Amino acid sequence: VSTGFQNLLERLVRGGVDFVIVGGFAGVVHGCAYVTQDIDICCDFSPGNLLRLQEAISDLHPVHRMTSKHKKLKLTEETCGQLKNLYLDTDICPLDCLSSIDGIGDYEAVKQASETVEAEAVQLRVLSLDALIEAKKAMNRPRDREAILELEAIRKLKEAR
Amino acid sequence: LVLSLELGGACVKCIPVEATRRNAYTYDMAQETKHEKPTSSDSGQADPVQAAIEYGIDVSMLRENLARSCGERIMRHQIALDTAEKLRKARRV
């Protein structure tokens with residue numbers, strides 16, 4: 001049985017959630033050596049997909065991380081339509097669900113800029129290395145600039161292989 | 001000690017846990033990557049590998065990660081994260 005991040009990602013895949021791994025963990029998948037404490041995904045924010053996401057992680061006690069009382073995740077068809085991002089905490093790790101990514105665009109654009117990788121016999125969509133660098137450049141926070149250095153070095157090392 | 005100091009900065013999302021090993025490798029990495037420096041005709045920009053080394057990133061770990069499968073990278077990340085969590089929760093004795 002998988003544990004940790006892998007377990008959470010497998011739940012999403014098996015639950016039929018349409019998503020792409022983005023952010024710091026996408027860097028880890030590409031080979032970065034840093035450690036990140038959460039998973040960021042960009043996903044289809046249609047009610048059907050968000051309800052599948054809710055179902056997939058329902059036994060991990062998901063809550064809205066940014067609310068003062070960590071309100072339980074209770075999405076309905078109606079409330080889904082009002083959402084742009086979801087900042088959740090689960091028993092495994094925080095899970096940020098974003099409808100678009102700076103420097104790339106909406107979910108369809110992010111999906112176009114993604115690639116499929118296999119981990120523990122599970123196929124995962126992850127933002128491509130080039131797109132991740134573009135996204136990090138668009139964010140341009142200090143931690144993004146440090147990640148860009150690693151990601152650009154990885155790109156160069158991959159070219160040399 | 002260095003590790004615990006870095007973990008103290010838990011407000012940042014990404015923690016370079018293995019940064020403690022950086023300095024020891026800097027010289028070796030510089031030697032190892034000399035041949036990777038681009039000629040000036042490659043581009044007007046600095047070599048990204050050299051830029052990472054100069055910043056203090058342990059490029060040898062990136063190389064090792066590239067030799068691993070995505071599944072292995074995720075597994076090793078989980079081990080590092082679990083270890084960091086244990087250290088964060090540890091009590092001083």
Side-chain angles (χ1 to χ4, degrees), chain A residues 2-10 21 23-40 87 92-94 96 115-126 129 133 136 139 141-161, chain B residues 3 6-7 9-22 25 29 32-33 35-38 42-43 45-85 87-88:
Chain A
S2 62
T3 58
F5 285 17
Q6 177 77 26
N7 182 291
L8 179 51
L9 293 168
E10 282 182 23
I21 301 167
F25 193 62
V28 170
V29 175
H30 284 298
C32 285
Y34 56 68
V35 175
T36 181
Q37 299 177 73
D38 66 0
I39 296 179
D40 299 323
Y87 301 104
I92 291 178
C93 68
D96 291 348
E115 59 191 50
T116 304
V117 300
E118 192 170 293
E120 306 289 318
V122 175
Q123 296 206 331
L124 302 166
R125 275 191 176 278
V126 59
L129 186 55
I133 291 169
K136 292 280 180 191
M139 295 290 282
R141 297 163 298 185
R143 69 179 190 226
D144 295 314
R145 291 195 285 274
E146 186 166 334
I148 289 167
L149 282 166
E150 279 202 44
L151 292 166
E152 289 187 330
I154 285 170
R155 182 162 62 184
K156 180 76 178 178
L157 291 170
K158 281 176 92 170
E159 285 168 4
R161 281 158 67 106
Chain B
L3 180 64
E6 293 207 18
L7 293 173
C11 54
V12 290
K13 250 179 173 177
C14 302
I15 312 166
V17 169
E18 302 203 44
T20 51
R21 294 168 56 199
R22 283 177 184 160
Y25 284 103
M29 283 193 300
E32 196 179 331
T33 54
H35 65 282
E36 291 173 357
K37 285 185 181 177
D42 281 351
S43 69
Q45 297 175 335
D47 174 19
V49 175
Q50 198 58 38
I53 291 169
E54 283 166 13
Y55 185 80
I57 291 166
D58 186 341
V59 174
S60 72
M61 289 200 294
L62 304 183
R63 277 204 188 84
E64 287 166 13
N65 277 344
L66 287 177
R68 297 184 176 111
S69 67
C70 290
E72 285 174 316
R73 291 174 202 159
I74 292 172
M75 187 185 70
R76 289 178 64 88
H77 173 269
Q78 192 66 50
I79 292 168
L81 180 59
D82 291 347
T83 305
E85 284 294 322
L87 286 170
R88 200 194 314 278

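These figures come from a predicted structure and were not determined experimentally. Below, all heavy atoms of this structure are taken into account, side chains as well, without hydrogens, waters or symmetry copies. Note on naming: letters A, B, ... go to the chains in the order of the sequence lines (proteins, then strands), and numbering restarts at 1 for each one.
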I'd like a table of donor-acceptor pairs (distance under 3.5 Å, sequence neighbours excluded) in which one partner is a side-chain atom from residues 115-123 of chain A, with atom names and distances.
none

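In terms of non-hydrogen atom pairs under 4.5 Å with chain B, the most contact-rich of A:Leu9, A:Ile148, A:Val29 is A:Val29.
Interface residue A:Leu124: only side-chain heavy atoms are found under 4.5 Å from chain B. For A:Cys93, no part lies under 4.5 angstrom from a heavy atom of chain B.
A salt bridge links B:Arg88 with B:Glu85; the closest basic N to acidic carboxylate O contact falls under 4.0 Å.
Annotation: salt bridge (charged side-chain N to carboxylate O under 4.0 Å, His left out) contacts of A:Arg155 (sequence neighbours excluded): A:Asp130, A:Glu152.
Checked by atom type and distance alone, the side chain of A:Gln6 never pairs as donor or acceptor with a backbone atom of B:Ile74 at under 3.5 Å.
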